[in-house]
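The structure under discussion appears below in the form of structure tokens.
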Amino acid sequence: MADERAVHPVGEESGVRWEETWTAGDLLLLTGYGPCGPRARAYDARTGDPAGPLLDTPPLSLLLDTPGGDPSVAHAEGHDLVLRDPRTGRVRERLAGAVPWDPEHLLHVRVAEVAGRPLVLFLDSDTPRSYARWAVDPATGAPVDELRGAWNCDHEHERFAVAGPYLVVQAHEEEAYFFDDGVDICYNSMLHLHGMPSGERIGEVERRAGWHPVAAVVGGRPLLSDGRRVLSLPDLEVVADFEGLADEIAALAEWDGEPVALATRRAWRGADAPDILEARPLARPQESTPIAHSPRYIDSVSVGPDGTVAFLTESGARLWS
């Protein structure tokens, strides 16, 4: 898997501390915080060149890939769902009342496609360890009541992931151990699998590594990572095992028709060891293509057209192309 591509800085001209990457079509969207508040900007996903103006949007914005149309920046504004043209910043559509809960409590947004239509999924938390989710059809602004749900988790910054008609959420399950002199409560970190649009819980697996769940449709097949393994959905059968080869699977993608895992590992054991990002084929986990290394961390990995890879490091956003 030799490759001559290189890592380039992206988004440095904006003076923004980028916190998340999104790719859709030929665009890369970076979202984060600047001196004057939350900002977002679109870039060419192949070159890293600016593709639109710096947008004044909430930090919880996403790049919505609308079937048959150009991607839109979607975000909550008050109780409205706003769709913007990332190339101009113009509001394409405002769906009044599509965000039913307090937008100040939003933690995460994701986009899913169910039965050929896109859905915007929101994650909300108004009290510690208490989470709720809901979904909105961006074409109409109508809520999808079947996808509302609530659960508990011990994390302060929860996330979720989607792969086709499957929603993956992270939850902590309590397990009590009783002794003669007391009781010990342990929290097991689990990944719960839900079907969409019904919202029915159809499976679970213990999370082995990583901070957030990773799922994607790769080569027409929905897949989930539990941190170090790749599992098929919905049966949760092991497709590839990266135990001992990677510390964490950061993304799943398809390169030249072949499914790969974008994985990180520490160069050596120790607090000062850099993170290494590499691609490993699911069919041949022992093979790898090095992509980048960072002195402290690599986060928010997303894959664009032609196998380009966007990610964040402590020094800013980077594009491998």
Side-chain angles (χ1 to χ4, degrees), residues 8-12 14 16-34 38-67 69-77 81-89 91-92 106-113 118-123 135-136 138 157-164 167-168 211-218 250-254 262 277 291 298-313 316-321:
H8 310 280
V10 59
E12 289 186 328
S14 300
V16 175
R17 185 183 76 251
W18 300 117
E19 297 194 345
E20 192 149 13
T21 71
W22 305 83
T23 52
D26 60 353
L27 291 180
L28 161 67
L29 183 74
L30 300 179
T31 60
Y33 286 89
R39 294 290 184 268
R41 191 170 196 180
Y43 295 84
D44 187 302
R46 292 183 175 87
T47 66
D49 295 331
L54 191 63
L55 303 179
D56 179 3
T57 65
L60 294 176
S61 302
L62 62 83
L63 193 60
L64 176 65
D65 192 5
T66 306
D70 291 330
S72 294
V73 177
H75 63 85
E77 189 172 287
L81 180 66
V82 177
L83 305 180
R84 294 181 181 272
D85 184 339
R87 302 181 192 275
T88 65
V91 175
R92 284 175 169 161
L106 287 178
L107 289 179
H108 200 217
V109 288
R110 269 289 181 262
V111 61
E113 186 173 323
L119 300 176
V120 177
L121 300 168
F122 295 93
L123 182 67
V136 170
H157 303 289
E158 185 55 281
R159 296 288 187 271
F160 49 20
V162 294
L167 169 68
V168 182
W211 190 249
H212 304 308
V214 173
V217 175
V218 181
L252 299 167
E254 184 175 355
L262 282 297
L277 176 64
I291 294 176
I298 292 174
D299 194 18
S300 191
V301 178
S302 58
V303 180
D306 304 326
T308 59
V309 180
F311 55 95
L312 301 179
T313 73
R318 298 290 184 265
L319 180 66
W320 186 69
S321 62

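- Under the 4.5 Å side-chain criterion, counting only non-hydrogen atoms from C-beta, Pro138 is in contact with Leu81.
- A distance of 14.5 Å separates CH2 of Trp22 from CG of Leu27, quoted to the nearest 0.5 Å.
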Test side-chain contact (heavy atoms from CB on, under 4.5 Å) on Val91 and Val82 and set out the steps. CA-CA 7 Å; Val91 175; Val82 177; 4.0 Å; yes
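- Ion pairing between Asp299 and Arg318 fails under the 4.0 Å rule for side-chain N and carboxylate O.
- The distance from the CG atom of Asp306 to the CZ atom of Arg46 is 4.5 Å, given to the nearest 0.5 Å.
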Could you give me the CA-CA distance, side-chain angles and deciding distance for Ser14 and Tyr43, then say whether side-chain hydrogen bond (donor to acceptor under 3.5 Å, both in side chains) is met? CA-CA 11 Å; Ser14 300; Tyr43 295 84; 3.0 Å; yes
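- Residues Asp44 and Asp26 are not in side-chain contact: their nearest non-hydrogen atoms beyond the backbone lie 4.5 Å or more apart.
- Closest of all the heavy-atom pairs between Ala163 and Ala216 is CB-N, 3.5 Å.
- Closest non-hydrogen pair, Ala317 versus Trp18, comes out as CB-CD1, 3.9 Å.
- Two residues are said to be in side-chain contact when any heavy atoms from C-beta on lie closer than 4.5 Å; Ser321 and Thr47 fail this criterion.
- Between Leu55 and the choices Thr88, Asp85, Val73, the side chain to side chain contact (heavy atoms under 4.5 Å, CB included) rule is met once, by Val73.
- Side-chain contact between Arg41 and Pro50 is present, with heavy atoms from C-beta onward closer than 4.5 Å.
- Between Thr21 and Leu28 there is a side-chain heavy-atom pair separated by less than 4.5 Å.
- Considering every non-hydrogen atom in both Ala253 and Val303, the closest pair reads CB-CG2, 3.5 Å.
- Between Thr308 and Ala45, the shortest heavy-atom distance links the atoms OG1-O, 3.1 Å.
- The two atoms that bring Val16 and Gly34 nearest to each other are CG1-N, 4.0 Å, heavy atoms only.
- Contact check for Ile298 versus Leu312: no side-chain heavy atoms found under the 4.5 Å cut-off.
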With side-chain hydrogen bond (donor to acceptor under 3.5 Å, both in side chains) as the criterion, how do Ser72 and Arg92 come out once you've worked through the C-alpha distance, each side chain's angles and the decisive distance to 0.1 Å? CA-CA 8 Å; Ser72 294; Arg92 284 175 169 161; 2.7 Å; yes
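- Under the 3.5 Å distance criterion, the side-chain polar atoms of Thr23 are left unmatched by any main-chain donor or acceptor of Ser302.
- At a threshold of 4.5 Å between non-hydrogen side-chain atoms, the residues Leu319 and Val309 do not count as touching.
- Shortest non-hydrogen contact noted between Pro86 and Pro71 is CD-O, 3.2 Å.
- Here Arg17 contributes atom CZ and Thr31 contributes atom OG1; the two are 11.0 Å apart, rounded to the nearest 0.5 Å.
- Under a 4.0 Å N-O distance rule, the pair Arg84/Glu77 qualifies as a salt bridge.
- At a threshold of 4.5 Å between non-hydrogen side-chain atoms, the residues Tyr33 and Arg39 do not count as touching.
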